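Notes follow once the structure below has been shown.
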Amino acid sequence: MEVGSRIRRPSARGCGATGGYRDYQQGPHLRTAAWPTVWNTLGRLQGGQDSPLTEYGLQQVDRMGQLLLRELEGAEGVQCQVSPLGRAQSRASRLQTTLPRTKWTADYRLTEMKFGSWDGMTAYEIAMEYPGLLDGSEAFDWFLRTPDGESFEAVNARLGDWLRTVSGPTVVVTHGVAARVLIGIYLGLPQERTLRLALPDSGLARLAGGRLTLLS
């Protein structure tokens, strides 16, 4: 995801999905990306667990590295931050081969939403093991029913806290739900619209001028 030349940053009033922003000037940027793993292809929740990238995912990391190289041309003081989870670290390491002058810093606030005992399970397995628990849920929010995972509010709070620290051009490698929440905070979206955001499995999301742009 990329936070662009004029980004909106949460103010001291908070960083919930409904506002509390002030505008300020920056150089170009904040970009974020996530690419498919083996568990993604099987429909398994990953959360705090890890799964290797598919061959397609590896190819997409390389392709996005070239795109980032063009996007960052001429940019000064670019920060590169990454989730500490292994699958994100492997993506960042691969990107560094294309962007050798970048230095990546891990930040726990960029980790994926934790699904507790549901980590590694599919929706079908959960429905069988927890009968009735998913009744009435939607395709975009069923995972919030986890009995022992992280709440949307907790994820929103830690990512909002991270966003307040952004002070210049920043490239971020994070995860599917975390990326949606981060974008939702930036755009001031309510929870349902945040979770319904349609993001590609492979690509970059740029936040600039109060708008979201998908790059591929």
Side-chain angles (χ1 to χ4, degrees), residues 1-4 7-10 14-21 30-37 39-49 51 57 60 64 83 85 87-88 109-116 118-127 130 132-163 166 172-216:
M1 169 173 70
E2 173 183 297
V3 176
I7 71 177
R8 295 193 304 168
R9 182 177 176 185
C15 54
T18 56
Y21 292 91
L30 173 66
R31 307 167 178 80
T32 189
W35 296 286
T37 66
W39 276 14
N40 288 147
T41 66
L42 298 174
R44 297 192 179 280
L45 290 173
Q46 296 184 106
Q49 302 298 315
S51 174
Q60 293 307 300
M64 290 303 104
S83 158
L85 293 177
R87 60 187 186 274
R109 292 170 294 184
L110 297 172
T111 57
E112 179 62 297
M113 173 181 277
K114 300 174 182 66
F115 305 110
W118 288 8
D119 277 359
M121 298 179 71
T122 65
Y124 175 79
E125 291 169 343
I126 292 167
Y130 300 84
L133 195 57
L134 300 183
D135 290 354
S137 64
E138 302 284 348
F140 66 89
D141 67 357
W142 61 271
F143 49 82
L144 295 180
R145 302 290 183 91
T146 172
D148 56 358
E150 195 174 14
S151 68
F152 178 89
E153 291 75 16
V155 177
N156 192 73
R158 63 174 164 83
L159 287 168
D161 183 61
W162 176 84
L163 187 56
V166 174
V172 182
V173 174
T174 183
H175 309 276
V177 177
R180 285 174 173 81
V181 174
L182 193 56
I183 291 168
I185 295 169
Y186 175 78
L187 297 177
L189 302 178
Q191 177 176 320
E192 181 173 334
R193 287 189 61 193
T194 292
L195 294 174
R196 285 182 179 272
L197 283 169
L199 301 180
D201 288 335
S202 300
L204 300 176
R206 176 200 291 152
L207 294 179
R211 294 186 300 274
L212 166 66
T213 303
L214 300 179
L215 307 175
S216 60

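For the numbers below, each heavy atom of this structure counts, side chains included, while hydrogens, waters and symmetry mates do not. What you see is a predicted model, and the numbers here were worked out from it, not measured in a lab.
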Q) Between Thr146 and Phe115, what is the shortest heavy-atom contact and its length? A) OG1-O, 2.9 Å

Q: Look up atom CG in Leu187 and atom CZ in Arg193, then write down how far apart they are to the nearest 0.5 Å.
A: 8.5 Å

(Q) Looking at every non-hydrogen atom in both residues, tell me the closest pair between Thr174 and Leu110 and how far apart they are. (A) OG1-O, 2.8 Å

(Q) Using 0.5 Å steps for rounding, measure from the CG atom of Leu144 to the CD atom of Glu150. (A) 11.0 Å

(Q) Under a 3.5 Å distance rule, please check whether Arg87 uses its side chain to pair with a backbone N or O of Ser51 as donor and acceptor. (A) no

Q.
Once rounded to the nearest 0.5 Å, what's the spacing between atom CG of Leu214 and atom CD1 of Ile183?
A. 7.5 Å

Q: Take Asn40 and Gln46, measure what side chain to side chain contact (heavy atoms under 4.5 Å, CB included) needs, and give me the verdict at the end.
A: CA-CA 8 Å; Asn40 288 147; Gln46 296 184 106; 3.1 Å; yes

Q: Any chance you could measure Lys114, atom NZ, to Asp148, atom CG, to the nearest 0.5 Å?
A: 13.0 Å

Q) Who are the side chain to side chain donor-acceptor pair (under 3.5 Å) partners of Glu192, not counting sequence neighbours? A) Arg196

Q: Over all heavy atoms of both residues, which pair between Thr111 and Ser83 is shortest? Give the atoms and the distance, please.
A: CA-OG, 3.6 Å

Q: Go through the structure and list residues passing salt bridge (charged side-chain N to carboxylate O under 4.0 Å, His left out) with Arg180, not counting sequence neighbours.
A: none

Q: For the pair Leu133 and Trp118, evaluate side chain to side chain contact (heavy atoms under 4.5 Å, CB included) and give the outcome as yes or no after the intermediate values.
A: CA-CA 12 Å; Leu133 195 57; Trp118 288 8; 3.5 Å; yes

Q) How many angstroms lie between CG in Asn156 and CG in Leu182, if you round to the nearest 0.5 Å? A) 9.5 Å

Q: For Val155 and Met113, work out which heavy atoms get closest and say how close.
A: CG2-CE, 3.7 Å

Q | Ser137 to Trp142 - nearest heavy-atom pair and separation | A | OG-CB, 3.4 Å

Q | Non-hydrogen atoms of Trp162 and Val172 that approach each other most closely | A | CH2-CG2, 3.4 Å

Q. Would Gln49 and Arg44 count as a side chain to side chain contact (heavy atoms under 4.5 Å, CB included) if you check the C-alpha gap in whole Å, the side-chain angles of each, and the deciding distance to 0.1 Å?
A. CA-CA 10 Å; Gln49 302 298 315; Arg44 297 192 179 280; over 6 Å; no

Q) Can you tell me how far the CD atom of Gln191 sits from the CZ atom of Phe140, to the nearest 0.5 Å? A) 8.5 Å

